[in-house]
Amino acid sequence: MEADWIKVYTSADFFKSELVRQVLIDHEIDAIIINKQGFPYRIGEVEVYIHESNLANAKSIITENEL
């Protein structure tokens, strides 16, 4: 991963993280998921990363959509 990507959201629920990623993409913010959950028990976190330059905009989108 490039150095200018930062974590904007973390959840233990993969689907919540995917929802956040999709909402950010719908607002034209590139977002990726890094799944750090272990298998088969799904213990761990799922993180959403964005470019650092979009941080303020992404946080306001997450807050406005109550994600």
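Small disclaimer: the values here were computed from a predicted structure and weren't measured.
- Linking Ile, Leu, Val, Met, Phe, Trp and Tyr residues whenever their side-chain heavy atoms come within less than 4.5 Å leaves Val48 and Ile25 in two separate clusters.
- Looking only at side-chain heavy atoms (C-beta outward), His51 and Trp5 come within less than 4.5 Å of each other.
- Residues satisfying the side chain to side chain donor-acceptor pair (under 3.5 Å) test with Gln22, not counting sequence neighbours, are Asp26.
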Enumerate donor-acceptor pairs with a distance under 3.5 Å from any side-chain N or O in residues 13-20 to protein atoms, sequence neighbours excluded.
{"unit_1": "Asp13", "atom_1": "OD1", "unit_2": "Phe15", "atom_2": "N", "d": "2.9"}
{"unit_1": "Ser17", "atom_1": "OG", "unit_2": "Val46", "atom_2": "O", "d": "3.1"}
{"unit_1": "Glu18", "atom_1": "OE1", "unit_2": "Arg21", "atom_2": "NE", "d": "3.1"}
{"unit_1": "Glu18", "atom_1": "OE2", "unit_2": "Arg21", "atom_2": "NE", "d": "3.4"}
{"unit_1": "Glu18", "atom_1": "OE2", "unit_2": "Arg21", "atom_2": "NH2", "d": "2.7"}

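- A distance of 13.0 Å separates CD in Glu45 from CD1 in Ile34, rounded to the nearest 0.5 Å.
- For the atom pair CG of Asn54 and CD1 of Ile29, the computed distance is 5.0 Å after rounding to the nearest 0.5 Å.
- For the pair Asn65/His27, a side-chain contact is recorded, criterion being any heavy-atom separation below 4.5 Å from C-beta on.
- A heavy-atom distance below 4.5 Å is found between the side chains of Leu24 and Val8.
- No side-chain heavy atom of Asp30 sits less than 4.5 Å from a side-chain heavy atom of Ile50.
- Residues Lys7 and Glu47 are paired through a salt bridge, judged by an N-O separation under 4.0 Å between the basic side chain and the carboxylate.
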